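Everything quoted here is computed from the prediction, not taken from an experiment. Quick note: numbers below take in every heavy atom, side chains included, and nothing from hydrogens, waters or symmetry partners.
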Amino acid sequence: MMPTIGRLKTRPDFLKVAAARAKWVTPGLILQARRRPAPEPTIQRDRPVLESGDPEIRIGFTVSRKVGNAVRRNRARRRLRAVAQEIMPGCGRAGTDYVLIGRRETLERPYTALRDDLCAALKRLERDRGAGRAPRVGRQRRP
RNA sequence: CCAGACGGCCGGAUGGCCGCUUUCGGUCCGGGAUUAGUCCUGGACCGGGGGAGGAAAGUCCGGGCUCCACAGAAACACGGUGCCGGGUAACGCCCGGCGGGGGCGACCCCAGGGAAAGUGCCACAGAAAGCAAACCGCCCGCCGACGCCUCUAGGGGCCCAGGCGGGUAAGGGUGAAAGGGUGCGGUAAGAGCGCACCGCGCGGCCGGUAACGGGCGCGGCACGGCAAACCCCACCGGGAGCAAGACCAAGUAGGAACGGUAGGCCCGCAAGGGCCAGGCGGGUUUCGGCGCCGCCGUUCGGGUGGGUCGCGCGAGGCGUUCGGCGACGAACGUCCCAGAUGAAUGGUCAUCCCUUCGCGUUCGCGCGAAGGACAGAACCCGGCUUAUAGGCCGUCUGGCACU
(Lines give C-alpha, C1' and ligand atoms only; values in the text may rest on other atoms or scores of the structure.)
Protein backbone atom coordinates (compact mmCIF):
# COMPACT_ATOMS: atom_id res chain seq x y z
CA MET A 1 0.00 0.00 0.00
CA MET A 2 1.35 3.35 -1.03
CA PRO A 3 1.75 5.67 1.92
CA THR A 4 0.29 9.14 1.67
CA ILE A 5 2.53 12.18 1.69
CA GLY A 6 2.01 15.10 4.06
CA ARG A 7 3.90 18.23 4.92
CA LEU A 8 5.54 19.39 8.09
CA LYS A 9 4.38 22.95 8.66
CA THR A 10 5.08 24.13 12.15
CA ARG A 11 8.24 24.92 13.98
CA PRO A 12 7.70 22.40 16.83
CA ASP A 13 7.50 19.58 14.26
CA PHE A 14 10.85 20.58 12.83
CA LEU A 15 12.39 20.80 16.28
CA LYS A 16 11.14 17.29 17.14
CA VAL A 17 12.72 15.82 14.04
CA ALA A 18 16.01 17.57 14.75
CA ALA A 19 15.91 16.27 18.34
CA ALA A 20 15.76 12.66 17.10
CA ARG A 21 19.40 13.03 16.04
CA ALA A 22 19.07 10.80 12.98
CA LYS A 23 20.90 12.72 10.28
CA TRP A 24 22.85 11.99 7.12
CA VAL A 25 24.82 14.47 5.05
CA THR A 26 25.29 14.15 1.29
CA PRO A 27 26.76 16.68 -1.12
CA GLY A 28 23.35 17.75 -2.41
CA LEU A 29 21.25 17.68 0.73
CA ILE A 30 20.97 16.79 4.40
CA LEU A 31 18.30 14.34 5.61
CA GLN A 32 16.84 14.11 9.09
CA ALA A 33 14.29 11.49 10.13
CA ARG A 34 12.12 10.59 13.12
CA ARG A 35 9.64 7.78 13.73
CA ARG A 36 6.36 9.15 14.91
CA PRO A 37 5.02 7.51 18.10
CA ALA A 38 1.63 5.81 17.96
CA PRO A 39 -1.29 8.23 17.59
CA GLU A 40 -2.84 6.94 20.82
CA PRO A 41 -0.58 7.74 23.75
CA THR A 42 -1.90 4.70 25.66
CA ILE A 43 0.13 2.56 28.02
CA GLN A 44 1.33 0.42 25.08
CA ARG A 45 4.94 1.47 25.33
CA ASP A 46 7.74 1.27 22.83
CA ARG A 47 6.11 -1.66 20.99
CA PRO A 48 6.79 -1.10 17.26
CA VAL A 49 3.83 0.38 15.50
CA LEU A 50 2.65 -1.48 12.46
CA GLU A 51 3.07 0.37 9.19
CA SER A 52 -0.58 -0.09 8.37
CA GLY A 53 -1.55 1.76 11.52
CA ASP A 54 -0.06 5.07 10.46
CA PRO A 55 0.64 5.09 6.75
CA GLU A 56 1.52 8.77 6.38
CA ILE A 57 4.94 10.09 5.48
CA ARG A 58 5.45 13.73 6.36
CA ILE A 59 8.18 15.82 4.82
CA GLY A 60 9.49 19.25 5.70
CA PHE A 61 11.96 21.45 3.87
CA THR A 62 14.50 23.83 5.33
CA VAL A 63 16.64 26.19 3.29
CA SER A 64 18.57 28.72 5.31
CA ARG A 65 19.73 32.13 4.24
CA LYS A 66 23.21 30.70 3.87
CA VAL A 67 22.12 29.19 0.54
CA GLY A 68 21.48 32.56 -1.06
CA ASN A 69 18.85 35.18 -1.69
CA ALA A 70 15.14 34.52 -1.89
CA VAL A 71 15.23 33.32 -5.50
CA ARG A 72 18.00 30.81 -4.81
CA ARG A 73 16.29 29.56 -1.67
CA ASN A 74 13.02 29.09 -3.55
CA ARG A 75 14.80 27.15 -6.29
CA ALA A 76 16.58 24.90 -3.79
CA ARG A 77 13.32 24.13 -2.00
CA ARG A 78 11.56 23.35 -5.28
CA ARG A 79 14.28 20.96 -6.40
CA LEU A 80 14.15 19.18 -3.05
CA ARG A 81 10.38 18.98 -3.29
CA ALA A 82 10.56 17.49 -6.78
CA VAL A 83 13.10 14.89 -5.70
CA ALA A 84 11.09 13.98 -2.62
CA GLN A 85 7.92 13.65 -4.63
CA GLU A 86 9.65 11.19 -6.95
CA ILE A 87 11.53 9.11 -4.36
CA MET A 88 9.60 9.16 -1.12
CA PRO A 89 6.46 7.19 -2.09
CA GLY A 90 8.68 4.22 -3.02
CA CYS A 91 11.61 4.42 -0.64
CA GLY A 92 10.32 6.28 2.42
CA ARG A 93 9.15 4.47 5.52
CA ALA A 94 5.58 5.11 6.53
CA GLY A 95 4.90 6.71 9.86
CA THR A 96 8.07 8.75 9.67
CA ASP A 97 8.77 12.45 9.58
CA TYR A 98 11.59 13.58 7.31
CA VAL A 99 13.28 16.94 7.03
CA LEU A 100 15.33 17.80 3.94
CA ILE A 101 17.80 20.59 4.37
CA GLY A 102 19.04 22.47 1.35
CA ARG A 103 22.71 23.26 0.83
CA ARG A 104 24.51 25.57 -1.55
CA GLU A 105 25.29 22.53 -3.74
CA THR A 106 21.57 21.76 -4.06
CA LEU A 107 21.35 24.41 -6.77
CA GLU A 108 24.22 23.19 -8.96
CA ARG A 109 24.06 19.42 -8.52
CA PRO A 110 22.69 17.41 -11.48
CA TYR A 111 19.19 16.14 -10.91
CA THR A 112 20.10 12.44 -11.11
CA ALA A 113 22.87 12.91 -8.56
CA LEU A 114 20.50 14.72 -6.24
CA ARG A 115 18.08 11.79 -6.56
CA ASP A 116 20.86 9.34 -5.74
CA ASP A 117 21.81 11.46 -2.73
CA LEU A 118 18.32 11.13 -1.28
CA CYS A 119 18.18 7.35 -1.91
CA ALA A 120 21.57 6.85 -0.29
CA ALA A 121 20.63 8.90 2.73
CA LEU A 122 17.35 7.00 3.16
CA LYS A 123 19.10 3.63 2.96
CA ARG A 124 21.79 4.69 5.38
CA LEU A 125 19.38 5.89 8.03
CA GLU A 126 17.27 2.74 7.54
CA ARG A 127 20.36 0.52 8.01
CA ASP A 128 21.41 2.38 11.17
CA ARG A 129 18.05 1.79 12.71
CA GLY A 130 17.69 -1.74 11.38
CA ALA A 131 21.05 -2.71 12.90
CA GLY A 132 19.77 -1.64 16.27
CA ARG A 133 22.55 0.86 16.66
CA ALA A 134 21.93 4.26 18.07
CA PRO A 135 21.22 6.70 15.29
CA ARG A 136 24.36 8.62 14.64
CA VAL A 137 25.56 11.49 12.61
CA GLY A 138 27.55 10.53 9.55
CA ARG A 139 29.06 12.09 6.49
CA GLN A 140 29.43 10.62 3.05
CA ARG A 141 32.57 11.17 1.07
CA ARG A 142 31.97 13.14 -2.08
CA PRO A 143 32.13 10.89 -5.16
C1' C B 1 30.18 53.95 -42.19
C1' C B 2 32.34 55.75 -37.39
C1' A B 3 31.71 58.35 -32.77
C1' G B 4 28.01 60.29 -29.64
C1' A B 5 23.15 62.48 -27.30
C1' C B 6 18.10 61.61 -25.94
C1' G B 7 13.51 58.81 -25.61
C1' G B 8 10.75 54.20 -25.70
C1' C B 9 10.45 48.76 -25.48
C1' C B 10 11.78 43.42 -24.54
C1' G B 11 13.81 40.64 -20.33
C1' G B 12 14.69 33.76 -24.01
C1' A B 13 11.00 30.44 -27.43
C1' U B 14 8.45 25.64 -28.39
C1' G B 15 7.19 20.74 -26.98
C1' G B 16 7.04 15.92 -23.89
C1' C B 17 6.74 13.69 -18.82
C1' C B 18 5.76 14.68 -13.51
C1' G B 19 3.75 18.33 -9.94
C1' C B 20 1.71 22.95 -6.86
C1' U B 21 -2.16 26.71 -6.02
C1' U B 22 -6.82 29.04 -7.10
C1' U B 23 -11.53 29.14 -9.53
C1' C B 24 -15.76 27.02 -12.42
C1' G B 25 -18.52 22.51 -13.94
C1' G B 26 -19.42 17.24 -13.16
C1' U B 27 -19.14 12.34 -10.45
C1' C B 28 -18.39 9.98 -5.82
C1' C B 29 -17.66 9.82 -0.39
C1' G B 30 -18.52 12.18 4.31
C1' G B 31 -20.20 16.09 8.41
C1' G B 32 -24.06 19.52 10.24
C1' A B 33 -29.15 21.92 10.30
C1' U B 34 -34.28 20.59 9.04
C1' U B 35 -40.61 16.86 9.78
C1' A B 36 -39.59 17.32 4.75
C1' G B 37 -38.38 20.07 0.44
C1' U B 38 -33.84 21.91 0.89
C1' C B 39 -29.65 24.65 2.80
C1' C B 40 -24.58 25.10 4.81
C1' U B 41 -19.84 22.76 4.84
C1' G B 42 -15.26 19.23 4.07
C1' G B 43 -12.47 15.69 0.97
C1' A B 44 -11.02 12.58 -3.48
C1' C B 45 -11.14 12.06 -8.80
C1' C B 46 -12.17 13.86 -13.97
C1' G B 47 -12.51 18.12 -17.33
C1' G B 48 -11.98 23.65 -18.45
C1' G B 49 -9.84 28.67 -17.13
C1' G B 50 -6.12 31.92 -14.31
C1' G B 51 -1.19 31.90 -11.87
C1' A B 52 5.52 36.92 -10.30
C1' G B 53 8.62 41.87 -11.82
C1' G B 54 10.62 46.00 -14.49
C1' A B 55 12.49 46.66 -10.75
C1' A B 56 8.06 42.18 -7.21
C1' A B 57 14.02 44.92 -4.09
C1' G B 58 15.55 49.27 -0.65
C1' U B 59 11.30 50.82 2.64
C1' C B 60 13.05 56.95 1.11
C1' C B 61 8.48 60.26 0.06
C1' G B 62 2.94 60.83 -1.26
C1' G B 63 -2.02 58.67 -0.81
C1' G B 64 -6.16 54.99 -0.16
C1' C B 65 -7.87 51.75 3.82
C1' U B 66 -8.17 50.56 9.37
C1' C B 67 -8.04 51.87 14.51
C1' C B 68 -7.09 55.73 18.10
C1' A B 69 -14.92 58.80 20.10
C1' C B 70 -14.80 63.24 16.17
C1' A B 71 -9.86 64.47 13.61
C1' G B 72 -12.64 70.60 15.38
C1' A B 73 -10.11 75.71 16.29
C1' A B 74 -5.92 78.68 18.05
C1' A B 75 -1.02 79.18 19.96
C1' C B 76 3.59 76.87 20.94
C1' A B 77 6.98 72.98 19.97
C1' C B 78 8.89 69.51 16.40
C1' G B 79 9.64 67.81 11.40
C1' G B 80 9.59 68.72 6.16
C1' U B 81 9.61 71.66 1.57
C1' G B 82 11.92 76.19 -0.82
C1' C B 83 13.21 80.17 -8.71
C1' C B 84 8.28 80.61 -11.74
C1' G B 85 3.95 78.49 -14.13
C1' G B 86 1.32 74.08 -14.92
C1' G B 87 -0.04 68.47 -14.21
C1' U B 88 -1.91 65.28 -10.33
C1' A B 89 -5.98 62.36 -5.35
C1' A B 90 -1.30 63.94 -3.44
C1' C B 91 4.00 64.44 -3.33
C1' G B 92 10.16 65.95 -1.83
C1' C B 93 7.31 63.28 -8.26
C1' C B 94 6.49 64.77 -13.52
C1' C B 95 6.16 68.56 -17.62
C1' G B 96 7.26 73.41 -19.65
C1' G B 97 9.94 77.83 -18.78
C1' C B 98 13.73 81.26 -16.13
C1' G B 99 18.67 82.03 -14.02
C1' G B 100 23.78 79.99 -13.35
C1' G B 101 27.62 76.42 -15.11
C1' G B 102 29.74 72.72 -18.84
C1' G B 103 30.11 70.81 -24.04
C1' C B 104 32.12 72.25 -31.32
C1' G B 105 27.10 70.25 -31.07
C1' A B 106 22.65 67.04 -30.16
C1' C B 107 22.34 67.89 -25.04
C1' C B 108 23.79 67.56 -19.80
C1' C B 109 24.39 69.37 -14.53
C1' C B 110 22.57 72.79 -10.21
C1' A B 111 19.89 72.20 -1.96
C1' G B 112 18.41 77.93 -7.07
C1' G B 113 13.80 82.12 -0.83
C1' G B 114 16.01 86.03 2.72
C1' A B 115 22.91 88.13 4.45
C1' A B 116 20.76 97.00 4.66
C1' A B 117 16.06 91.87 11.57
C1' G B 118 19.70 89.95 14.75
C1' U B 119 23.59 86.47 16.68
C1' G B 120 27.74 83.65 15.14
C1' C B 121 31.93 81.78 12.07
C1' C B 122 35.79 82.86 8.26
C1' A B 123 41.13 77.44 9.62
C1' C B 124 46.43 77.97 7.71
C1' A B 125 49.01 81.96 5.81
C1' G B 126 49.04 87.13 6.22
C1' A B 127 50.39 93.77 8.63
C1' A B 128 45.20 93.35 8.41
C1' A B 129 39.36 88.62 7.75
C1' G B 130 34.84 92.75 8.59
C1' C B 131 35.86 97.80 10.58
C1' A B 132 38.31 99.76 8.57
C1' A B 133 43.30 99.73 8.98
C1' A B 134 48.76 99.85 6.74
C1' C B 135 54.11 95.21 6.76
C1' C B 136 57.38 96.16 2.64
C1' G B 137 57.05 100.02 -0.71
C1' C B 138 55.95 105.07 -3.15
C1' C B 139 55.57 110.55 -2.20
C1' C B 140 55.93 115.38 0.71
C1' G B 141 57.68 118.36 4.95
C1' C B 142 61.10 118.93 9.17
C1' C B 143 65.57 117.27 11.74
C1' G B 144 69.90 115.11 10.12
C1' A B 145 75.27 111.27 11.97
C1' C B 146 79.21 110.28 8.27
C1' G B 147 81.19 112.12 3.72
C1' C B 148 82.03 115.94 -0.13
C1' C B 149 82.25 121.17 -1.78
C1' U B 150 82.91 126.21 -0.36
C1' C B 151 84.35 130.26 2.80
C1' U B 152 88.31 135.02 6.45
C1' A B 153 87.72 131.62 12.09
C1' G B 154 82.03 131.10 13.59
C1' G B 155 79.09 129.34 9.04
C1' G B 156 76.65 127.98 4.26
C1' G B 157 75.50 124.33 0.46
C1' C B 158 75.13 119.22 -1.62
C1' C B 159 74.47 114.00 -0.91
C1' C B 160 72.59 110.51 2.27
C1' A B 161 72.09 106.12 6.51
C1' G B 162 68.52 107.14 9.98
C1' G B 163 64.56 109.62 13.00
C1' C B 164 59.82 112.41 13.54
C1' G B 165 55.20 114.08 11.33
C1' G B 166 51.89 113.57 7.27
C1' G B 167 49.80 111.69 2.38
C1' U B 168 48.70 107.10 -0.43
C1' A B 169 46.55 102.07 -1.41
C1' A B 170 48.80 101.88 -7.77
C1' G B 171 52.79 97.84 -6.94
C1' G B 172 55.00 93.45 -3.74
C1' G B 173 53.64 89.52 -0.61
C1' U B 174 49.44 85.92 2.01
C1' G B 175 44.88 83.76 1.13
C1' A B 176 38.99 80.57 -1.07
C1' A B 177 38.10 85.74 -0.22
C1' A B 178 41.92 92.07 0.90
C1' G B 179 36.44 97.59 0.29
C1' G B 180 34.62 96.84 -7.89
C1' G B 181 37.45 95.38 -13.14
C1' U B 182 40.11 97.12 -17.80
C1' G B 183 41.99 101.38 -20.31
C1' C B 184 43.04 106.63 -20.77
C1' G B 185 43.63 111.08 -18.22
C1' G B 186 45.29 113.08 -13.74
C1' U B 187 48.74 113.64 -9.50
C1' A B 188 54.17 115.08 -5.19
C1' A B 189 52.89 109.89 -5.16
C1' G B 190 48.30 108.05 -5.75
C1' A B 191 43.13 107.21 -5.47
C1' G B 192 35.96 106.79 -9.02
C1' C B 193 39.75 112.09 -8.27
C1' G B 194 37.62 112.64 -13.69
C1' C B 195 36.00 110.02 -18.25
C1' A B 196 34.63 105.48 -21.51
C1' C B 197 33.05 100.38 -21.38
C1' C B 198 31.76 96.25 -18.14
C1' G B 199 29.87 95.02 -13.21
C1' C B 200 26.79 96.77 -8.96
C1' G B 201 22.74 99.67 -6.66
C1' C B 202 18.28 102.86 -7.14
C1' G B 203 14.12 104.76 -10.06
C1' G B 204 10.56 104.54 -13.54
C1' C B 205 9.38 102.47 -18.92
C1' C B 206 8.53 98.25 -22.29
C1' G B 207 7.77 92.71 -23.01
C1' G B 208 6.10 88.41 -20.14
C1' U B 209 0.53 85.20 -16.06
C1' A B 210 5.24 84.88 -13.41
C1' A B 211 10.38 83.67 -12.43
C1' C B 212 12.87 87.03 -15.44
C1' G B 213 14.57 89.76 -19.73
C1' G B 214 15.46 94.42 -22.59
C1' G B 215 16.75 99.22 -23.10
C1' C B 216 16.65 104.52 -20.49
C1' G B 217 18.04 107.76 -16.59
C1' C B 218 20.48 108.56 -11.98
C1' G B 219 24.34 107.20 -8.31
C1' G B 220 31.09 107.08 -7.89
C1' C B 221 30.39 102.21 -5.28
C1' A B 222 27.82 102.05 -0.29
C1' C B 223 25.94 96.59 0.73
C1' G B 224 32.59 90.58 1.33
C1' G B 225 31.37 85.19 1.97
C1' C B 226 28.79 81.21 4.78
C1' A B 227 21.71 80.30 5.85
C1' A B 228 24.19 71.92 4.03
C1' A B 229 25.64 77.65 11.40
C1' C B 230 21.61 79.46 14.51
C1' C B 231 17.86 82.17 12.49
C1' C B 232 13.78 84.95 9.59
C1' C B 233 9.80 84.37 5.93
C1' A B 234 6.12 81.45 3.14
C1' C B 235 3.67 76.86 2.65
C1' C B 236 2.64 71.71 4.33
C1' G B 237 2.13 67.96 8.23
C1' G B 238 -2.56 64.68 14.36
C1' G B 239 -0.55 59.47 15.70
C1' A B 240 0.10 54.35 14.72
C1' G B 241 0.04 50.70 11.16
C1' C B 242 -2.90 44.63 7.52
C1' A B 243 1.21 41.63 13.38
C1' A B 244 -4.09 47.74 11.17
C1' G B 245 -8.78 45.98 12.33
C1' A B 246 -13.57 42.84 12.48
C1' C B 247 -16.11 38.27 13.55
C1' C B 248 -16.29 33.05 15.26
C1' A B 249 -14.36 29.10 18.45
C1' A B 250 -11.61 27.87 22.84
C1' G B 251 -10.36 30.07 27.46
C1' U B 252 -8.05 30.10 34.22
C1' A B 253 -10.49 35.29 32.53
C1' G B 254 -14.25 39.18 32.53
C1' G B 255 -7.20 39.66 35.74
C1' A B 256 -5.21 39.54 40.94
C1' A B 257 -2.57 41.54 45.30
C1' C B 258 -0.63 45.71 48.05
C1' G B 259 -0.28 51.05 49.02
C1' G B 260 -2.27 56.06 48.48
C1' U B 261 -6.64 58.92 47.58
C1' A B 262 -12.03 59.08 46.97
C1' G B 263 -15.82 65.75 47.61
C1' G B 264 -20.95 67.72 47.36
C1' C B 265 -26.25 67.52 46.22
C1' C B 266 -30.94 64.92 44.96
C1' C B 267 -34.42 60.36 44.87
C1' G B 268 -35.03 55.91 47.89
C1' C B 269 -36.44 52.35 54.29
C1' A B 270 -32.46 49.84 51.84
C1' A B 271 -29.95 47.79 47.72
C1' G B 272 -29.17 51.14 44.24
C1' G B 273 -29.80 55.28 40.75
C1' G B 274 -29.11 60.46 38.92
C1' C B 275 -26.49 65.37 38.65
C1' C B 276 -22.16 68.40 39.58
C1' A B 277 -17.12 68.16 40.78
C1' G B 278 -12.76 64.91 39.83
C1' G B 279 -9.73 61.54 36.84
C1' C B 280 -8.36 59.25 32.03
C1' G B 281 -8.47 59.59 26.57
C1' G B 282 -1.27 58.05 21.64
C1' G B 283 3.51 66.18 21.26
C1' U B 284 2.11 70.39 24.95
C1' U B 285 -1.40 74.25 26.51
C1' U B 286 -6.17 76.66 26.05
C1' C B 287 -11.15 76.52 24.12
C1' G B 288 -15.36 73.78 22.03
C1' G B 289 -17.45 69.09 21.96
C1' C B 290 -17.65 63.73 23.00
C1' G B 291 -16.73 59.03 25.29
C1' C B 292 -15.33 56.12 29.46
C1' C B 293 -15.44 55.50 35.16
C1' G B 294 -13.80 54.85 41.14
C1' C B 295 -8.74 57.10 40.07
C1' C B 296 -3.31 56.83 40.50
C1' G B 297 1.26 54.02 41.47
C1' U B 298 4.01 49.34 42.24
C1' U B 299 4.31 44.02 41.91
C1' C B 300 2.56 39.33 40.07
C1' G B 301 -0.16 36.34 36.56
C1' G B 302 -2.74 34.54 31.75
C1' G B 303 -2.30 34.42 26.18
C1' U B 304 1.35 34.75 21.83
C1' G B 305 1.13 26.78 16.72
C1' G B 306 -6.71 28.38 16.14
C1' G B 307 -10.10 29.61 12.01
C1' U B 308 -12.77 33.03 8.69
C1' C B 309 -12.92 37.89 6.83
C1' G B 310 -10.00 42.20 5.66
C1' C B 311 -8.07 40.26 0.19
C1' G B 312 -8.44 42.69 -4.90
C1' C B 313 -13.34 46.42 -10.13
C1' G B 314 -8.83 49.48 -9.22
C1' A B 315 -6.69 57.35 -8.88
C1' G B 316 -7.30 49.51 -13.37
C1' G B 317 -5.29 47.61 -18.34
C1' C B 318 -5.66 47.98 -23.81
C1' G B 319 -7.40 50.52 -28.36
C1' U B 320 -9.41 54.74 -31.20
C1' U B 321 -10.62 59.89 -31.57
C1' C B 322 -10.26 64.85 -29.70
C1' G B 323 -7.72 68.99 -26.64
C1' G B 324 -2.67 70.38 -25.01
C1' C B 325 4.49 72.15 -26.89
C1' G B 326 4.31 68.57 -22.86
C1' A B 327 3.28 66.17 -18.10
C1' C B 328 -1.72 65.03 -18.71
C1' G B 329 -7.03 65.35 -19.52
C1' A B 330 -11.89 64.09 -21.94
C1' A B 331 -15.23 60.93 -24.75
C1' C B 332 -16.28 56.20 -26.78
C1' G B 333 -15.30 51.00 -27.22
C1' U B 334 -13.33 46.70 -25.01
C1' C B 335 -11.17 43.30 -21.15
C1' C B 336 -11.40 41.06 -15.92
C1' C B 337 -5.85 40.16 -15.26
C1' A B 338 -1.94 36.13 -9.00
C1' G B 339 -3.97 35.85 -4.14
C1' A B 340 0.13 32.18 -1.23
C1' U B 341 0.52 31.94 4.54
C1' G B 342 6.95 26.46 6.56
C1' A B 343 4.43 30.79 2.13
C1' A B 344 1.78 28.19 -4.61
C1' U B 345 3.13 30.46 -9.55
C1' G B 346 7.44 24.93 -10.49
C1' G B 347 10.94 20.32 -11.43
C1' U B 348 13.16 17.69 -15.39
C1' C B 349 14.44 16.36 -20.48
C1' A B 350 14.80 17.58 -25.66
C1' U B 351 14.99 21.00 -29.78
C1' C B 352 15.72 26.00 -31.28
C1' C B 353 17.74 31.18 -30.38
C1' C B 354 21.91 34.52 -28.68
C1' U B 355 27.16 35.22 -26.89
C1' U B 356 32.24 33.45 -26.19
C1' C B 357 36.14 29.88 -27.07
C1' G B 358 38.46 25.72 -29.86
C1' C B 359 38.74 22.78 -34.46
C1' G B 360 37.48 22.37 -39.60
C1' U B 361 36.12 25.40 -43.95
C1' U B 362 34.28 25.02 -50.62
C1' C B 363 34.26 31.65 -46.55
C1' G B 364 27.84 30.36 -47.39
C1' C B 365 28.94 27.80 -42.88
C1' G B 366 29.59 23.01 -40.07
C1' C B 367 31.08 20.28 -35.42
C1' G B 368 32.15 20.37 -30.09
C1' A B 369 32.28 22.77 -25.20
C1' A B 370 30.82 26.57 -21.79
C1' G B 371 27.53 30.46 -20.62
C1' G B 372 22.45 33.44 -20.96
C1' A B 373 21.77 39.03 -16.03
C1' C B 374 19.46 41.51 -11.62
C1' A B 375 16.14 39.26 -8.98
C1' G B 376 10.37 36.30 -5.98
C1' A B 377 4.15 39.33 -4.83
C1' A B 378 2.79 39.12 1.19
C1' C B 379 -3.16 45.04 2.10
C1' C B 380 -3.27 48.10 -2.38
C1' C B 381 -1.93 52.27 -5.56
C1' G B 382 1.46 56.93 -7.45
C1' G B 383 6.66 58.14 -7.37
C1' C B 384 11.94 58.11 -6.15
C1' U B 385 16.46 55.38 -5.47
C1' U B 386 19.46 51.20 -6.21
C1' A B 387 20.69 46.28 -9.16
C1' U B 388 20.55 44.44 -14.20
C1' A B 389 23.58 39.62 -19.24
C1' G B 390 22.00 40.64 -23.81
C1' G B 391 18.96 42.79 -27.54
C1' C B 392 15.33 45.87 -30.52
C1' C B 393 13.04 50.55 -32.33
C1' G B 394 12.78 55.85 -33.13
C1' U B 395 14.55 61.05 -33.21
C1' C B 396 18.77 64.08 -33.27
C1' U B 397 24.24 65.83 -33.26
C1' G B 398 29.51 65.85 -34.95
C1' G B 399 32.83 63.68 -38.48
C1' C B 400 34.39 60.74 -43.01
C1' A B 401 33.10 58.88 -47.91
C1' C B 402 29.90 59.02 -52.30
C1' U B 403 26.27 61.56 -55.47
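No donor-acceptor pair under 3.5 Å is formed between the side chain of A:Arg93 and the backbone N or O of A:Glu126. Side chain of A:Arg35 to main chain of A:Asp97: no donor-acceptor pair is present (N/O by atom type, distance under 3.5 Å, no hydrogens or angles).
Across all strands shown, the partner of B:rG155 is B:rU150, judged by Watson-Crick or G-U wobble contacts whose two distances both fall under 3.5 Å. Base pairing annotation: B:rC337 forms no Watson-Crick or G-U wobble pair, as no partner gives both donor-acceptor distances under 3.5 Å. Across all strands shown, B:rG30 pairs with B:rU41; the Watson-Crick or G-U wobble distances both stay below 3.5 Å. Across every strand in view, B:rG194 sits in a pair with B:rC184 that passes the Watson-Crick or G-U test at under 3.5 angstrom. Base pairing annotation: B:rG364 forms no Watson-Crick or G-U wobble pair, as no partner gives both donor-acceptor distances under 3.5 Å. When Watson-Crick and G-U wobble pairs are counted only if both distances are under 3.5 Å, B:rG255 pairs with B:rC300. B:rG376: no Watson-Crick or G-U partner with both key distances under 3.5 Å is found in any strand. B:rG51 is paired with B:rC20 under the criterion used here, namely a Watson-Crick or G-U wobble arrangement in which both key atom distances are under 3.5 Å.
A glycosidic torsion no more than 90° from 0 defines the syn conformation, and B:rG364 adopts it. Taking 90° from 0 as the syn/anti boundary, the base of B:rG154 is oriented syn. Base orientation of B:rG192: syn, since the glycosidic angle falls within 90° of 0.
Just one residue in the list A:Val99, A:Val17, A:Leu8 forms a side chain to side chain contact (heavy atoms under 4.5 Å, CB included) with A:Arg58, and that residue is A:Leu8.
The side chain to side chain donor-acceptor pair (under 3.5 Å) contacts involving residues 74-90 of chain A comprise A:Asn74-A:Arg77, A:Glu86-A:Tyr111, A:Glu86-A:Arg115, where partners must be two or more places apart or lie in separate chains.
Residues passing the side chain to side chain contact (heavy atoms under 4.5 Å, CB included) test with A:Ala113 are A:Arg109, A:Pro110, sequence neighbours excluded. Annotation: salt bridge (Lys or Arg N to Asp or Glu O under 4.0 Å) contacts of A:Asp116 (sequence neighbours excluded): none. For A:Lys16, the side chain to side chain contact (heavy atoms under 4.5 Å, CB included) criterion is met by A:Asp13, A:Arg34, not counting sequence neighbours. Listed by chain and number, the residues in a salt bridge (Lys or Arg N to Asp or Glu O under 4.0 Å) with A:Arg72 amount to none (sequence neighbours excluded).
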Give me, pair by pair, the N or O atoms of the protein and of nucleotides 338-345 of chain B that are less than 3.5 Å apart, along with how far apart they are.
residue, atom, partner, partner atom, Å
B:rG342, O3', A:Arg7, NH2, 3.4
B:rG342, O2', A:Leu8, O, 2.8
B:rG342, N9, A:Lys9, O, 3.4
B:rG342, N7, A:Lys9, O, 3.1
B:rG342, N2, A:Phe61, O, 3.2
B:rG342, N2, A:Thr62, OG1, 3.1
B:rA343, OP1, A:Arg7, NH1, 3.3
B:rA343, OP1, A:Arg7, NH2, 2.8
B:rA343, OP2, A:Arg7, NH1, 3.4
B:rA343, OP2, A:Arg7, NH2, 2.3
B:rA344, OP1, A:Arg77, NH1, 2.9
B:rU345, OP1, A:Arg81, NH2, 3.0
B:rU345, OP2, A:Arg78, NE, 2.7
B:rU345, OP2, A:Arg78, NH2, 2.8

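Across all strands shown, A:Arg75 has heavy atoms under 4.0 Å from sugar-phosphate atoms exclusively, and none from any base.
Across the interface with RNA chain B, nearest-nucleotide mapping of A:Val71 and A:Thr112 shows A:Thr112 to be the residue nearer the 5′ end. Each of A:Arg79 and A:Arg72 was assigned the nucleotide of RNA chain B with the nearest heavy atom; the assignment lying further toward the 5' end belongs to A:Arg79.
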**OP:** Quick one, give me the B/S/- string for nucleotides 12-18 of chain B, reading 5' to 3', where B means a protein heavy atom under 4.0 Å from the base and S means that only happens at the primed atoms, P, OP1 or OP2.
**Re:** ------S
